[in-house]
A.B. asks: 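Here's a structure for you.
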Amino acid sequence: MRLLSLARRLYSARPIAFKHIIGYQYPSLFTAQPELRRHFSVAFRQPSVRHCSTIPPDLPFFSSGNSTSYEIINFGKCVDTLREKYHDRVNEFVGIAQKASDFGSGDEAILFLDECGVKPNQELVFLVIWELRDQWKLAYLLFKWGEKCKCLEENTWCLMIWILGNHSKFSTAWSLIRDLLQMSTDIQEAVLIMIDRYAVANNAGKAIQTFQILEKFSMSPDQRTLLTFLNILCKHGFIEEAEEFMLINKKLFPLEIDGFNIILNGWCNIVVDIFEAKRIWREMSKCCIEPNGTSYAHMISCFSKVRNLFDSLRLYDEMQKRGWVPGLEVYNALVYVLTCENCVKEALKIIDKVKHMGLRPDSSTYNLMICPLCESSKLDEARSILSLMEEDNISPTIETYHAFLASASLEGTVEVLNTMRKAGVGPNGETFLLILDRFMKLKQPETALTIWLEMRQYEVVPESAHYSLLVGGLLECRLYSKARELYAEMKSNGIDDPGLRKFLEPTGPRGQGDVSNLEHTKKGKLVKHERHKVIRNEKHRR
């Protein structure tokens, strides 16, 4: 109640700003008004996404909800549990498998593997296929060899289907599912992996058809399978399709709070669309579905991400009155929105309350204070929060240091990079991409070039994104000779960018595409595109 009173005082002090932010409704924020009662299909003719989030895209935000209960197999975790046991053998076997790829036919390659002297088992074959996941043909060869040696477990079949789906080899993946059917093996997990890969490939229609195929295989999907399916669609941005499928099939799968929470999580935490989140909340009320603690956590998360302090605290208060106990993700949300609204003392009191409740603040809790403070250039306050973080024996993460880099000078940047190296949390390629982008936006190419030289000292190998960003920025600043020099280095490393090539390589007898002509061209303006790619304005292209 005390926090809610604070929000009301802030609202009274800044009524215009708060009305713009929260769209205040009284007496109930989510009451279904008559004019809002419209047929469900109308909602799907609205624009699909209205991004309301004002948080930095790389912020390690809190997670809320129980969507993790409806995930497919996490192959990374499976690998982590086995890697130490087989580390040396896996590296040796991967080298042997690479040699097998030199043979002209699969039979010769499998014969070579038979004679290599390695005794396979289920875990070793699984790990080697995982290591070869970026080379689907070689991974498939190992899979067929493992099948011959009878060293395949169910997870290995699913892993191979996942790898084939990653490389859009869906027909081959379906052939494996048919093999599983002939072996009278449960294919439900394999089909869910296919659905996930179709969603990754931006093909929601195929994903939905694949779910419906379960019935053709005489496998009636249960409620958990449906929820996993809905979670897959939402996780990859197909939230409207998931909602429509859930409502259309409500006779077959009765509507429950868990299904609505998955949809709500999609709008609140994946897309961050507060308007659609409110609509789902009203839809729950119309379907006589009462929100639970997870529902409130999602909505508080969404309101805090759009920096709506009043409604975040209002829902927190309502959540407690209804008997739901907030978890750490809810308190993390409140810490963030309070810090964004310059209520740092209240945010620290929330952290103290979390400790008294027996919950332990984590790195995300403190990062959610440090990031908005650095964004507002309140570096002294951010450093004090970092000190509190270390006093609580919580190690800063790479996101913590990235927040400080967002507003640091050249000297400050080098100091942060050295601190990161001492702490053993980077810097990595993403760190330097962030730094280079910032100095190029500030029109400080010399500083960016200094950082480029520092990058080598931290053993970070430049990638395509680094070269494209730096060369494009140099062109924009008309430092053509340095841009040509870096572009030549970029090409010598086997990296190319068609957007830059047209400016840095002559394409005709008059030297079209040569940047030296741009200095004397009045209409040939440089147009900045994403990642600082530079192209000539289409209207004035020769």
Side-chain angles (χ1 to χ4, degrees), residues 21-25 28-53 61-70 199 204 208 223 226-251 253-306 308 310-312 314-316 318-319 322 324 326 329-330 333:
I21 293 173
I22 66 176
Y24 179 75
Q25 298 179 21
S28 176
L29 182 66
F30 301 111
T31 303
Q33 303 295 334
E35 65 271 19
L36 294 173
R37 297 183 179 277
R38 57 189 185 278
H39 193 269
F40 181 72
S41 61
V42 176
F44 288 98
R45 291 198 290 270
Q46 296 176 350
S48 58
V49 174
R50 290 188 294 271
H51 291 282
C52 306
S53 177
F61 217 73
F62 42 85
S63 107
S64 58
N66 59 351
S67 59
T68 51
S69 304
Y70 307 109
I208 293 170
Q223 190 74 10
L226 171 74
L227 295 175
T228 305
F229 167 67
L230 295 178
N231 188 52
I232 289 170
L233 289 180
C234 290
K235 181 174 66 174
H236 298 295
F238 298 107
I239 307 167
E240 291 182 350
E241 289 81 355
E243 182 183 351
E244 184 177 24
F245 187 89
M246 181 183 74
L247 293 177
I248 287 174
N249 292 277
K250 62 184 177 182
K251 291 185 178 178
F253 300 101
L255 297 177
E256 295 181 357
I257 185 60
D258 286 344
F260 274 104
N261 280 344
I262 288 173
I263 307 299
L264 196 60
N265 179 59
W267 290 123
C268 289
N269 297 312
I270 296 172
V271 173
V272 192
D273 190 328
I274 194 63
F275 303 103
E276 291 295 332
K278 287 182 181 180
R279 183 182 62 78
I280 294 298
W281 193 276
R282 292 192 295 267
E283 194 72 31
M284 289 166 60
S285 177
K286 286 190 278 186
C287 295
C288 300
I289 302 292
E290 186 175 345
N292 61 11
T294 301
S295 313
Y296 279 102
H298 289 329
M299 289 302 297
I300 293 170
S301 165
C302 193
F303 277 124
S304 64
K305 285 178 180 179
V306 297
N308 184 335
F310 185 84
D311 286 331
S312 298
R314 178 175 179 155
L315 275 183
Y316 168 70
E318 184 180 321
M319 179 183 187
R322 290 180 177 246
W324 299 108
E329 68 276 0
V330 172

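These numbers come from the heavy atoms of this one structure, side chains and all, not from hydrogens, waters or symmetry mates. What you are looking at is a predicted structure, and each value in this text was computed from that prediction instead of being measured. Positions are given from 1 along the sequence.
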A.B. asks: Can you find a pair of side-chain heavy atoms, one from Ile239 and one from Val271, that are under 4.5 Å apart?
C.D. replies: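 Yes. Closest side-chain heavy atoms under 4.5 Å.
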
A.B. asks: With a 4.5 Å cut-off on side-chain heavy atoms, are Ser301 and Lys305 touching?
C.D. replies: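 They are in side-chain contact.
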
A.B. asks: Look up atom CZ in Phe253 and atom CD in Gln223, then write down how far apart they are to the nearest 0.5 Å.
C.D. replies: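 The CD atom of Gln223 is 7.0 Å from CZ of Phe253, to the nearest 0.5 Å.
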
A.B. asks: To the nearest 0.5 Å, how far apart are CE in Met299 and OG in Ser304?
C.D. replies: 10.5 Å

A.B. asks: So that I know where these two stand, are Tyr316 and Trp324 an aromatic pair - ring centroids less than 6.0 Å apart?
C.D. replies: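 Ring centres of Trp324 and Tyr316 not closer than 6.0 Å.
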
A.B. asks: Could you tell me which non-hydrogen atom of Phe238 sits nearest to which non-hydrogen atom of Ala199, and how far apart they are?
C.D. replies: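 Shortest heavy-atom separation between Phe238 and Ala199 comes out as CE1-O, 3.5 Å.
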
A.B. asks: Minimum heavy-atom separation for Leu233 and Glu241, please, with both atom names.
C.D. replies: CD1-C, 4.5 Å

A.B. asks: Contact between Ile300 and Glu329 at the side-chain level, heavy atoms closer than 4.5 Å - yes or no?
C.D. replies: no

A.B. asks: In Å and rounded to the nearest 0.5 Å, what is the CD1 to CG distance from Ile263 to Leu247?
C.D. replies: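 So the CD1 of Ile263 and the CG of Leu247 are separated by 8.0 Å.
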
A.B. asks: Measuring from atom CD1 of Ile262 to atom NE2 of His298, what distance do you get when rounded to the nearest 0.5 angstrom?
C.D. replies: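 Rounded to the nearest 0.5 Å, the CD1-NE2 separation comes out at 8.5 Å.
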
A.B. asks: Regarding Asn292 and Ser295, is there a side-chain donor-to-acceptor distance under 3.5 Å anywhere?
C.D. replies: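 Yes, because at least one side-chain N or O of Asn292 sits under 3.5 Å from a partner of the opposite role on Ser295.
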
A.B. asks: Can you find a heavy atom in the side chain of Ile280 that is under 4.5 Å from one in the side chain of Glu243?
C.D. replies: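 Result yes, sub-4.5 Å side-chain heavy-atom pair found.
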
A.B. asks: Rounded at 0.5 Å granularity, tell me how far CH2 in Trp267 sits from CD in Glu276.
C.D. replies: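 Taking CH2 in Trp267 and CD in Glu276, the distance rounds to 4.5 Å.
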
A.B. asks: State, to 0.1 Å, how close Cys234 and Ile270 come at their nearest heavy-atom pair, and which atoms those are.
C.D. replies: O-CD1, 3.2 Å

A.B. asks: Quick one: pull up CH2 in Trp281 and CG in Leu315 and give me the separation to the nearest 0.5 Å.
C.D. replies: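 So the gap between those two atoms works out to 6.0 Å.
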
A.B. asks: Testing the basics here: between Met284 and Ile257, what is the closest heavy-atom pair and its distance to 0.1 Å?
C.D. replies: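 So the minimum-distance heavy-atom pair works out to CE-CD1, 3.4 Å.
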
